[in-house]
Peer 1: 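Please read through the structure below; I'll follow up with questions.
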Amino acid sequence: QVQLVESGGGLVQAGGSLRLSCAASGRSFSDYAVAWFRQAPGKEREFVSAINRGGGGKYYADSVKGRFTISRDSAKNTVYLQMNSLKPEDTAVYYCAADPFLQTIPDNYDYWGQGTQVTVSS
């Protein structure tokens, strides 16, 4: 098993930046692809970004492409989501999830963090 803990959320003005972290413990983190999802009030959980086990494959939702960057530091067992040019519509609880296979469907992920709130004011 792997345990995930997100951090880095907060309140930021539109146009600002935040960096989310997803720290893992337990089994070797390098065995897992990691994805970020977000869920706004009254909406379904949606895919944001994902990175494969080796870190060379990165995927983004169209809504965040060019603004968000995903990366992983294997030595620190941590995956990051750098979020720039934030918009009010980015407001949501952000979750990281891990699975041996990279995918964009949240139901297919076995391991989840508790989430971190991101609020972007206009």
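All values derive from a computational prediction rather than experimental measurement.
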Peer 1: Whether Arg38 engages the ring of Tyr94 as a cation-pi pair (distance to the six-membered ring centre under 6.0 angstrom, angle to the ring normal within 45°) should be assessed.
Peer 2: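 Verdict for Tyr94: no cation-pi partner in Arg38.
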Peer 1: Looking at Glu6 and Gln114, would you say the former's side chain and the latter's main chain have a donor-acceptor pair under 3.5 Å?
Peer 2: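 Judged by distance alone, yes, a pair lies under 3.5 Å.
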Peer 1: Please tell me whether Ser17 and Asn84 have a donor and an acceptor in their side chains that are separated by less than 3.5 angstrom.
Peer 2: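 On atom types as modelled, these side chains qualify, holding a pair under 3.5 Å.
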Peer 1: Just verifying a value: how many Å separate Arg19 CZ and Met83 CE, rounded to the nearest 0.5 Å?
Peer 2: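 If we round to the nearest 0.5 Å, Arg19:CZ and Met83:CE are 11.5 Å apart.
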Peer 1: Mind checking whether Tyr59 and Leu102 have side chains closer than 4.5 Å, heavy atoms only?
Peer 2: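 Yes. Closest side-chain heavy atoms under 4.5 Å.
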Peer 1: Please tell me if the side chains of Phe68 and Gln82 come closer than 4.5 Å, counting only heavy atoms from C-beta onward.
Peer 2: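 SC-SC contact between Phe68 and Gln82 ruled out.
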Peer 1: Kindly indicate, with the supporting measurements, whether the criterion side-chain contact (heavy atoms from CB on, under 4.5 Å) is fulfilled by Val118 and Leu20.
Peer 2: CA-CA 9 Å; Val118 171; Leu20 305 184; 4.0 Å; yes
Peer 1: For the residue pair Tyr109 and Thr104, establish whether any side-chain heavy-atom pair is separated by less than 4.5 Å.
Peer 2: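 With C-beta onward as the side chain, the pair stays apart.
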Peer 1: Are any non-hydrogen side-chain atoms of Ile70 and Val79 less than 4.5 angstrom apart?
Peer 2: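 A side-chain contact exists here, since the closest heavy-atom pair is under 4.5 Å.
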Peer 1: Please confirm whether the ring centroid of Trp112 lies under 6.0 Å from the ring centroid of Phe37.
Peer 2: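 Yes, the ring of Trp112 comes within the 6.0 Å limit of the ring of Phe37, centre to centre.
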Peer 1: Cation over ring, Arg72 on Tyr32, under 6.0 Å and within 45°?
Peer 2: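 Geometry flag: not set, cation outside 6.0 Å or 45°.
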Peer 1: Quick check for you: to the nearest 0.5 Å, what is the distance between Trp36 atom CH2 and Cys22 atom SG?
Peer 2: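 The SG atom of Cys22 is 5.0 Å from CH2 of Trp36, to the nearest 0.5 Å.
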